[in-house]
Enquirer: 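Handing you this structure, nothing more for now.
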Number of protein chains: 2
Amino acid sequence: MSKAAIIGGGVIGGGWAARFLLNGWDVAVSDPDPQAERKITEVLANARRALPALYDRGLPPEGRLSFVSDIAEAVVGADWVQESIPETLELKHRILPAIQAAAGPQAIIGSSTSGFKPSELNAAGTCAIVAHPFNPVYLLPLVELVGDAATCADAAAILRNIGMYPLTIRKEIDAHIADRLLEAVWREALWLVKDGIATTEEIDESIRMGFGIRWAQMGLFETYRIAGGEAGMAHFMAQFGPALSWPWTKLMDVPEFNEELVDLIASQSDAQSGHMSIRELERLRDDNVVGMIRALRRTNSGAGGVVRTHEASLPDPGERKGLPITATRQVPVSWTDYNGHMNEAHYLEAASQATDRFMELIGADAAYVASGRSYFTVENHLRYLDEVRAGDTLTVTTQVLAGQGKRMHLFHRLWRGPVNLAATVETMLLHTDLSTRRASEPRTPIAEALSNWVARHADMPAEGAGRSVGQRPGGSG
Amino acid sequence: MSKAAIIGGGVIGGGWAARFLLNGWDVAVSDPDPQAERKITEVLANARRALPALYDRGLPPEGRLSFVSDIAEAVVGADWVQESIPETLELKHRILPAIQAAAGPQAIIGSSTSGFKPSELNAAGTCAIVAHPFNPVYLLPLVELVGDAATCADAAAILRNIGMYPLTIRKEIDAHIADRLLEAVWREALWLVKDGIATTEEIDESIRMGFGIRWAQMGLFETYRIAGGEAGMAHFMAQFGPALSWPWTKLMDVPEFNEELVDLIASQSDAQSGHMSIRELERLRDDNVVGMIRALRRTNSGAGGVVRTHEASLPDPGERKGLPITATRQVPVSWTDYNGHMNEAHYLEAASQATDRFMELIGADAAYVASGRSYFTVENHLRYLDEVRAGDTLTVTTQVLAGQGKRMHLFHRLWRGPVNLAATVETMLLHTDLSTRRASEPRTPIAEALSNWVARHADMPAEGAGRSVGQRPGGSG
């Protein structure tokens, strides 16, 4: 079992704690704030709701969370120590040596600093690296790594294991990369509000209704490459390069930070978002982020690709009641409907994933499909026995009712939690030649593997199979 | 029938043409480029694949597209004229008066300019407004409107009708709003590449793995409001305000635009994205954008909310073969799977939407659900009869097999195109009290409405209903 020490338990520290815990690490948190435990518990509640919803497979069992008052006690035995204390160098120069004194030589010491360079952080002789994450840390994969190359390489491997995307930066620089881009936008946006060109809400709409959607899946340069069209990037540059010398930003100048500006921004922000609490905004953000990252899974793009790579490394779920577990997952909010429970179609989505997994078990896997053969579903019969809600753990077992020649007849059971049978899905599939789109005999190894499963499941009961809609148990419909 | 004239048929003009056409407008395009027709046809192919996929309902029939050499001929009778010619004032001062001379007095003349102010555009006495869209114009809702208030208000109403999000800007300013933010990021990013801090690919990853995902659904200020936590926006400002005076950007200075910089960016961009053609990149972008906007529909956020509002205004689909059409849509790419056809679960998703619509038809609508009553599905039997592919039009009709007391027994037929029966879905539902989660009698008006449908459908055949999985027509299973 690996251990992480989280020094500083605010929104960022809490996000780190959640990211490690939900990936099976033990986590010790140290923060002098008497509210730290409450705050971390709230972040953790959000994370438990959102992070597993990205995955079509269960995450490992959660690690153990502890709160300790002493930094040394938190740090002892830790493989990773993450410093997320307030952003002043004086404080960091006090805390980082205390961490280093208590940490083992193998421990990676990361700092969440958004602005300081490693050379500044380590002025007191410590050997921390910058590991700068993005809020919400439990959902967004990016971590900027800056510092000693060997330490950054070790850190990158660990971050990948907890589903993150380490970006190692070539040279240290104030504010790393992403926050430089953010700072440029922030300064420009403050000018726009100060000059009365747009309100905070209008600026937000100008982002999320347009380029924000582009940037969530490709970044700046790949987007502009497309804008350049067939003529390419050099053409784009030639077209828009001259704008560099035009007065298209006020950034030659910096807005004065004073009470008037703070009041202006804060009051516009209240008008824009004040009808929702921060907790409500967080949940809305998390639902949106989960939905969008799930959408990016399909093309393996950006954060969607990170989730899929991570998912493939998760442990195999094993068996239940003598049947293979062919799917296990937490139910995402996006799978629920106006009745407050999982929508009927997602029972079939889970069963369809179970069918895919069972096909893998008999060798009809991606390579087999790529060779031009597959199974097509010709019929499904679903019986809904229990409601399933967002956050519930859904486990699917698969039993083979028959499998000879072209036909494969499966019976999936969907379990809510450990004991409640939520649905059965009886599925008939036909082996199909993908070039003719017609039913065909499976290749011998697949037919044999299927036969073995048929034999293994031959005497098992399948209560509810073989019925028509509305037919009562034992009845004739 | 409304008519739009598109003057200048590049990527942006083509996007406008597609947006109008797919919303039922006739479109005349004028561009001296002999390649214009080919280019617009390509943009249109992308748009036909992507825009309808945002909607769970069919768009109106496409308008008629024509190419004319003469500006006056294109403009005559147009309700909207959109100028998307190259970005030089001299050219715009030549073309805009020609447009205005040929256009009727009611025509709105919009310019796609990303940089010029209306006062600059209209220096020659024209009355154009800025209507600045974002690529891909057929998917991203944002249009920045700048200029005469009454014209902008009329323009906004039209843009909402074609599913866009008009943002009217309070004061004219170089580059409007969004491009000022983009220009700030662009300048900072060029410095990062020029100084060897990061490559174009690393900068793109720093965006799309982190803040890009945040910005696609909330913007800058709402995101920072959350970061401020319970203490609010003023707290966030207090925390990060001081950074305004720190060297967190190089924007006090502008990178020199020279051949060396162009080569550096272009070669890094080739290394990053050169393995894909621009067409492939466009399709990848569109699939991602469609998937993410569809994800935002659920919470009604940003572009997802725009689509839902627009969808609610689309015409009702009517009847087929004496049965109500309860769903009609184009099949999005995201509904297909590794077999190259619509995944089995989405047949049920379409049928589930049809059930929702039929519930509305008997009065069991959102208000009824809000009053604490609903129908829960207890069984589904799906027969897959034909493959369905991305881009196909799917139409669902609903027949009532029975409906008495708590039970409602429906039979959905899913049609691919006008004549191919792709699937049947037999559904049994129970009326449910949402507080006890138990079966209950429906309210009288709902029971009566359902009875009327039962009587109307009493003598209709329902080939394939009442069977168990694997049972042949007429057979006993």
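Quick note on labels: first sequence line is chain A, next is B, and so on, each numbered from 1.
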Enquirer: With only heavy atoms counted, which part of B:I197 is less than 4.5 Å from chain A, the side chain, the backbone, both or neither?
Expert: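 B:I197 touches chain A through backbone and side-chain heavy atoms alike.
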Enquirer: Is any NZ, NE, NH1 or NH2 atom of the basic residue among B:E202 and A:R170 found under 4.0 Å from an Asp or Glu carboxylate oxygen of the other?
Expert: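 Looking at A:R170 together with B:E202, the answer is yes, because their closest N to O distance falls below 4.0 Å.
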Enquirer: Sort out for me which of A:E222, A:Q268, A:E349, A:R383 touches chain B most, counting heavy-atom pairs under 4.5 Å.
Expert: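 Ranked by heavy-atom pairs under 4.5 Å with chain B, first place is A:E222.
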Enquirer: Name the region of A:I293, side chain, backbone, both or neither, that has any atom closer than 4.5 Å to a heavy atom of chain B.
Expert: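 Contact with chain B: side chain only.
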Enquirer: Do the side-chain N and O atoms of A:D287 and B:T299 include a donor-acceptor pair separated by under 3.5 angstrom?
Expert: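 Side chains of A:D287 and B:T299: no pair found under 3.5 Å.
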Enquirer: Heavy-atom distance under 4.5 Å to chain B: side chain of A:E387, backbone, both or neither?
Expert: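 A:E387 touches chain B through side-chain heavy atoms alone.
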Enquirer: Start with the C-alpha gap between B:L181 and A:F211, add the side-chain angles, then the distance that decides, and say whether side-chain contact (heavy atoms from CB on, under 4.5 Å) holds.
Expert: CA-CA 10 Å; B:L181 307 177; A:F211 68 84; 4.1 Å; yes
Enquirer: Which region of A:V290, side chain (C-beta onward) or backbone (N, CA, C, O), has a non-hydrogen atom less than 4.5 Å from a non-hydrogen atom of chain B, or is it both or neither?
Expert: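 For A:V290, no heavy atom lies under 4.5 Å from chain B.
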Enquirer: Checking A:R285 against B:T223 for the side-chain contact (heavy atoms from CB on, under 4.5 Å) test, could you report, in this order, the C-alpha distance in whole Å, the side-chain angles of both residues, the deciding distance, and whether it holds?
Expert: CA-CA 9 Å; A:R285 174 200 63 194; B:T223 296; over 6 Å; no
Enquirer: Examine whether an atom of B:R294 lies under 4.5 Å from a heavy atom of chain A, and if so say whether it belongs to the side chain, the backbone or both; otherwise answer neither.
Expert: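 Neither part.
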Enquirer: In terms of ring plane angle, is the pair A:W186 and B:F221 parallel, tilted or perpendicular, where the classes change at 30° and 60°?
Expert: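 The arrangement is tilted - the two ring planes meet at 30° to 60°.
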Enquirer: When heavy-atom pairs shorter than 4.5 Å are enumerated against chain B, which of A:A295, A:P136, A:S352, A:G291 gives the highest number?
Expert: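 The option with the most such pairs is A:S352.
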Enquirer: Can you say whether A:L167 sits under 4.5 Å from chain B via the side chain, the backbone, both, or neither, judging by heavy atoms?
Expert: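 Only the side chain of A:L167 comes within 4.5 Å of chain B.
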Enquirer: Could you tell me whether the side chain of B:L382 reaches within less than 4.5 Å of the side chain of A:T377, counting heavy atoms only?
Expert: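 In short, these two side chains do not touch, never coming nearer than 4.5 Å.
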Enquirer: If we ignore angles and hydrogens, is there a donor and acceptor under 3.5 Å between the side chains of B:R225 and A:S269?
Expert: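 Yes, a side-chain donor-acceptor pair sits under 3.5 Å.
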Enquirer: Regarding B:Y375 and A:N339, is there a side-chain donor-to-acceptor distance under 3.5 Å anywhere?
Expert: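 There is no such pair between these side chains.
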Enquirer: A:D263 versus chain B, heavy atoms under 4.5 Å apart: side chain, backbone, both or neither?
Expert: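 For A:D263, no heavy atom lies under 4.5 Å from chain B.
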Enquirer: How close do B:Q217 and A:N288 get, heavy atom to heavy atom, and via which atoms?
Expert: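 Where B:Q217 meets A:N288 most closely, the heavy atoms are OE1-ND2, 3.1 Å.
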Enquirer: Classify the side-chain pair B:D356/A:Y338 by whether it contains a donor and acceptor separated by less than 3.5 Å.
Expert: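 Short answer, yes.
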Enquirer: Step by step, work out the side-chain contact (heavy atoms from CB on, under 4.5 Å) result for A:V11 and B:I226.
Expert: CA-CA 10 Å; A:V11 172; B:I226 294 179; over 6 Å; no
Enquirer: Name the option with the most non-hydrogen atom pairs under 4.5 Å to chain B; the candidates are A:G210, A:S273, A:A266, A:A303.
Expert: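 Of the candidates given, the most pairs with chain B belong to A:S273.
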